[in-house]
Amino acid sequence: MHTAKTLRDYNKDIRAALDNAFLREAMDKFATAYPTGRANAFREYDVAALIAKVAEVKDQGLKRLDGLFAQFKAEAEKRGVHVHLAKDAAEANALVTRIGKEAGCRTVVKSKSMTAEETLLNHALEAEGFEVTETDLGEWIIQLRHEGPSHMVMPAIHLSRYQVADLFSQVTRQTQPTDIQRLVKVARRELRPKYAAADMGISGANFAIAETGTIGIVTNEGNARLVSTLPRVHVVLTGIDKLCATLEDALHILRVLPKNATGQAITSYVTWITGANPCAAAPNGTKEMHVIFLDNGRSALAKDPLFKQVLRCVRCGACANVCPVYRMVGGHAMGHIYIGAIGLILTYFFHGKDKAKTLAQNCINCQACKNICAAGIDLPLLIQEIRARINEEDGRPMSSALLSMAMKNRKFFHGLLRAAKFAQKPVAEGGYIRHLPEIFAKDHGFRALPAIAEVPFRDRFARLRPQVERPVKRIALFSGCVQDFVYPEQLEAALQVLGRLGVAVDFPMEQSCCGLPLSTMGEKAAAQDVARQNMAALAGDYDAIVTLCASCASHLAHGYGHLLGDSPEVQAFAAKVMPFSVFVSSLNVAPERFQQTMERATLHAPCHLCRGMGVTEEPRQLLKTAGYEYAPAELEQVCCGFGGTYSAKFPGVSENILKLKLADVARTHAETLVTECPGCVMQLRGGAIQHGHGFEVRHMAEVLAAHLKDK
Amino acid sequence: MEQSAIVARFRAKAEAVSAVVSEVETMAEAVAYTVDLCVHKEACQILVSGCDESLSPVGRDLCGLKEWGKIIAAPGIDAATRELLVARAKENGISVIENGLREHLGGVDIGFTVCQYGIAETGTLVLDSVSEEVRLATMLGEIHVAVLPKNRIAPTAESIADELRRMLGRNPNYLAFITGASRTADIERVLALGVHGPLELHILLVEEA
């Protein structure tokens with residue numbers, strides 16, 4: 001459970017997680033197994049269409065939550081169910097407590113409910129003298145350990161069989177084996193009497209179907225069936241966002257949820273309960289049944305034009321499953337109660353700014369979650385927006401405000417970068433910063449940092465501009481800050497390639513930083529300002545706006561629409577933005593133009609290229625066309641751990657993601673690692689040097705230029 | 001899709017989640033299969049890691065309930081089938097119970113049910129469980145034997161949405177989608193069957209109900 005108030009304290013928690021060998025191994029295994037399982041489960045389906053329909057079904061429901069609630073209430077009450085609405089966690093807990101007391105209950109069995117975790121229901125019930133037992137195996141384990149879940153679907157994924165055996169030995173006061181099959185049976189036996197004794201069962205719900213007043217519960221263990229059957233009182237606690245209009249809506253979500261969560265076609269049990277069912281333990285033979293809908297900010301959220309999509313979440317947990325940060329640190333260091341990318345967002349809304357403030361920083365913006373979300377939620381964008389909101393509410397950190405101020409004025413900002421060249425002089429050596437100033441040294445030594453270039457690209461362009469007669473295309477080159485000031489040689493290589501291929505290149509001098517760092521820091525106003533400046537600078541009559549930086553490309557093409565609104569002007573601008581490899585591919589260059597040396601090369605797909613721009617094939621083909629043997633790396637599309645300012649905030653996580661990547665690249669035995677983003681080059685090249693890997697790290701433009709004939 | 005193709009798909013999907021699927025001609029055959037299964041199963045699978053193992057006193061007490069010999073719980077089946085089952089079970093020294101399952105929370109050997117629908121897309125059984133005894137039989141049975149008429153298998157849940165909605169709309173209703181045995185992967189993501197409910201699911205596809 002995340003409680004750290006400062007980044008420094010948070011990094012201590014993160015360090016502890018990174019040093020937990022079992023956790024790291026468990027997370028690695030899971031991260032490796034999950035994509036395969038999910039792909040198998042979706043093999044016969046059009047996943048994008050399924051996800052789009054989940055989004056549509058949820059959006060339709062969210063538009064008329066009040067109506068659905070009224071309909072559900074009427075249908076359920078007609079069938080003898082008590083339906084309640086709780087405005088916040090305290091009210092929900094008080095309702096459950098009151099129901100329990102009025103019905104004379106003392107012992108409670110629960111099946112898994114994230115909503116009950118959200119309200120910390122167990123604490124409230126125990127404080128009132130109820131004995132509460134979680135019956136989902138994972139939940140029971142963490143309850144016994146007095147912990148919160150570390151994953152929404154697999155709450156005890158952070159624990160080993162040895163820890164569970166120790167725990168069960170304490171519970172049974174007998175030595176228990178470490179064999180998992182036996183441990184599961186011990187739980188079966190120990191929990192069975194709990195059901196038998198319980199007066200009240202509490203469950204969550206995955207669906208609340210308005211047309212029939214039915215709740216739907218998705219489980220694998222079947223514990224929800226016993227919880228809803230044996231005790232004489234059943235209380236369902238669920239968010240109002242689980243309301244849906246029809247059975248078909250629920251069935252559609254059900255088709256996606258288990259596949260996305262665990263790679264199962266469907267869970268072992270889906271339980272549909274309508275009305276007060278027979279119950280032999282009840283005095284009148286009929287179950288006392290309550291459904292409590294929790295608002296806790298949801299109805300306000302449903303009216304927020306941007307954040308309403310948060311309520312589409314079906315709690316599959318996939319955003320954690322694919323998150324490179326989660327893979328490194330696990331759920332306890334990446335969530336307060338809700339885990340993973342959605343957890344970063346929900347924590348702010350359900351548990352407040354204080355809990356969310358440092359947590360919301362822990363997103364590397366790799367877009368992997370957006371790509372996998374069952375409901376098509378733009379999670380990385382919303383996390384940035386949360387940072388912006390926190391900045392607004394709290395005042396911004398000095399660094400953020402200064403950066404924002406500097407970047408709004410291009411000349412001043414570029415002046416700062418030029419000045420940085422002199423500031424680094426005592427430590428820069430051979431193009432790298434060899435000895436980091438003291439304040440950075442401890443955490444940043446995991447990669448060699450490049451030095452600021454002697455002469456930035458913008459001062460070299462006039463001399464290097466290719467002279468092209470009868471150009472096939474006319475483009476504006478957008479450099480981004482890193483290439484302009486750190487890696488001008490990448491842009492020079494691009495000029496060589498483009499010139500030889502008959503492309504007329506312009507470099508509008510008024511261009512500035514794309515503004516992505518401002519957006520990720522939550523500096524929205526400055527980001528909008530910079531976006532307008534760049535649109536004006538690049539407004540000429542060009543066939544394309546080409547950039548060698550995937551992050552810039554993605555931000556220019558998609559970020560500006562979000563920042564400035566999707567006007568026709570912004571759309572026309574966005575449509576012209578092309579990543580370098582896509583533009584070069586569009587020229588249909590023959591392999592004969594390149595020396596076919598067949599050197600072995602592998603790719604790192606920058607997050608903002610493969611997911612941000614949806615580009616995967618062009619770089620592969622281009623590499624082959626340019627005379628390289630393409631050796632695919634297993635983790636080609638996994639983030640390198642850079643994430644701009646992320647690596648400065650969370651160096652421990654950044655370092656460990658980098659190590660994972662480098663080891664994966666080494667397994668391909670490639671001589672060159674090729675990528676298309678200067679940030680990735682900085683991270684990967686710095687890591688390769690620091691860890692003594694034999695391969696070179698180069699930008700696509702450089703490897704194309706190297707093989708180009710008749711330069 | 002031809003019904004035979006739908007049945008084949010159901011079978012493949014159910015087997016993919018380790019259900020044991022067999023085809024039988026008649027209910028009499030289904031009854032014979034079930035009793036035979038009961039005869040050959042271990043007396044109490046829960047005890048495989050139960051009585052012999054270290055349990056807390058409360059956990060151990062439940063074993064005391066298992067003094068009945070073998071039990072098949074078969075609530076909610078038609079009279080003719082019940083008659084067949086009782087006769088066949090009796091020949092083999094097995095008790096058949098239809099209600100009072102709360103007295104058997106330590107577990108029964110087999111829960112025997114007849115399902116209303118099957119869903120081929122996922123190999124799922126649809127079982128009307130408004131009767132508490134049916135719910136308990138399918139949870140307390142160490143093996144769940146489910147009979148499913150072949151002509152009741154639909155390609156998808158949506159294709160029988162109107163029928164399902166009619167069932168859900170009843171007052172009250174408890175409808176179960178069952179796909180494979182009770183499972184968990186909560187310890188180290190290792191699959192384990194029978195965490196709370198059945199350790200095995202057997203599906204008998206019957207030609208005529």
Side-chain angles (χ1 to χ4, degrees), chain A residues 26 29-30 78-80 135-138 141 154-157 160-161 164 171-176 180-193 195-196 209 212 214 220-223 225-226 229 247-248 251 265-281, chain B residues 13 16-17 46 48-50 53-56 58-62 102 105-107 119 121-124 129-132 135-136 138-139 156-158 161 164-165 167-190 192-198:
Chain A
K29 276 193 204 156
F30 179 46
K78 214 156 70 181
R79 295 170 175 86
T135 60
D136 173 88
L137 177 58
I141 291 168
M154 289 157 292
I157 191 170
S160 72
R161 68 189 75 190
V164 175
V171 171
T172 58
R173 296 176 196 282
Q174 307 276 346
T175 306
Q176 294 298 347
I180 290 173
Q181 300 301 329
R182 291 192 162 213
L183 287 169
V184 168
K185 300 301 185 304
V186 170
R188 176 187 172 103
R189 285 299 303 270
E190 293 295 329
L191 286 169
R192 196 61 72 79
Y195 295 109
I209 303 173
T212 46
T214 301
N220 273 316
E221 301 186 2
N223 55 322
R225 309 183 75 216
L226 289 172
T229 295
L247 171 65
E248 281 88 343
L251 290 175
I266 191 170
T267 48
S268 301
Y269 299 102
V270 182
T271 303
W272 308 98
I273 304 175
T274 318
N277 274 272
C279 176
Chain B
K13 293 290 175 182
V17 287
I46 200 169
V48 167
S49 60
E53 302 296 333
S54 314
L55 285 164
S56 68
V58 186
R60 200 180 302 125
D61 284 350
L62 271 179
R102 278 178 184 266
L105 292 182
I119 300 168
E121 182 183 5
T122 47
T124 298
S129 305
V130 79
S131 151
E132 182 178 292
R135 275 177 260 159
L136 291 177
T138 57
M139 282 306 286
T156 63
E158 279 87 345
L164 295 175
R165 190 179 357 263
M167 293 169 89
L168 290 187
R170 285 178 200 153
N171 180 16
N173 185 256
Y174 194 116
L175 193 67
F177 282 11
I178 300 173
T179 313
S182 162
R183 63 174 57 208
T184 188
D186 272 352
I187 305 177
E188 293 190 11
R189 294 182 46 257
V190 172
L193 296 180
V195 55
H196 291 292

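As the structure is a computational prediction, the values presented were derived from the model and not from experiment. Side-chain atoms are counted along with the backbone in the values below, which use heavy atoms only and exclude waters and symmetry mates. Every chain is numbered from 1 and lettered A, B, ... according to where its sequence line falls, protein lines coming before strand lines.
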Say whether, by atom type as modelled, one donor and one acceptor occur between the side chain of [X] and the main chain of [Y] under 3.5 angstrom.
X: A/Arg188; Y: B/Gly197; answer: yes
X: B/Arg135; Y: A/Arg225; answer: no
X: A/Thr274; Y: B/Leu168; answer: yes
X: B/Arg165; Y: A/Glu248; answer: no

Any side-chain heavy atom of [X] within less than 4.5 Å of one from [Y]?
X: A/Tyr269; Y: B/His196; value: no
X: B/Leu136; Y: A/Leu226; value: yes
X: B/Glu188; Y: A/Leu183; value: no
X: A/Asn277; Y: B/Val130; value: yes
X: A/Trp272; Y: B/Met167; value: no
X: A/Val184; Y: B/Val190; value: no

Identify the heavy atoms of [X] and [Y] that sit nearest to each other, and give their distance.
X: A/Lys185; Y: B/Leu193; answer: NZ-O, 3.3 Å
X: A/Glu221; Y: B/Ser182; answer: O-OG, 2.6 Å
X: A/Cys279; Y: B/Glu132; answer: CA-OE1, 2.8 Å
X: B/Gly106; Y: A/Arg192; answer: C-NH1, 4.1 Å

Selection from [options] maximising heavy-atom pairs under 4.5 Å formed with chain B:
options: A/Thr271, A/Leu191, A/Leu251; value: A/Leu251
options: A/Ala276, A/Ala26, A/Ala187; value: A/Ala276
options: A/Arg79, A/Lys78, A/Lys29; value: A/Arg79
options: A/Pro278, A/Gly80, A/Gly138, A/Gly222; value: A/Pro278

Under 4.5 Å from a heavy atom of chain A, the part of [X] involved:
X: B/Ala16; result: neither
X: B/Arg183; result: both
X: B/Thr138; result: both

For A/Ser160, is it the side chain, the backbone, both, or neither that has a heavy atom closer than 4.5 Å to a heavy atom of chain B? both

Please classify the contact of A/Tyr195 with chain B as side chain, backbone, both or neither, using a heavy-atom distance under 4.5 Å.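 Only the side chain of A/Tyr195 comes within 4.5 Å of chain B.
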
Any idea which of B/Gly194, B/Ala161, B/Pro172 has the most non-hydrogen atom pairs under 4.5 angstrom with chain A? B/Pro172

Roughly how far, to the nearest 0.5 Å, is the OG1 atom of A/Thr214 from the CG atom of B/Asn173?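 Those atoms lie 7.0 Å apart.
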
One should read off an interatomic distance between B/Ile178 CD1 and A/Ile266 CD1, to the nearest 0.5 angstrom, of 11.0 Å

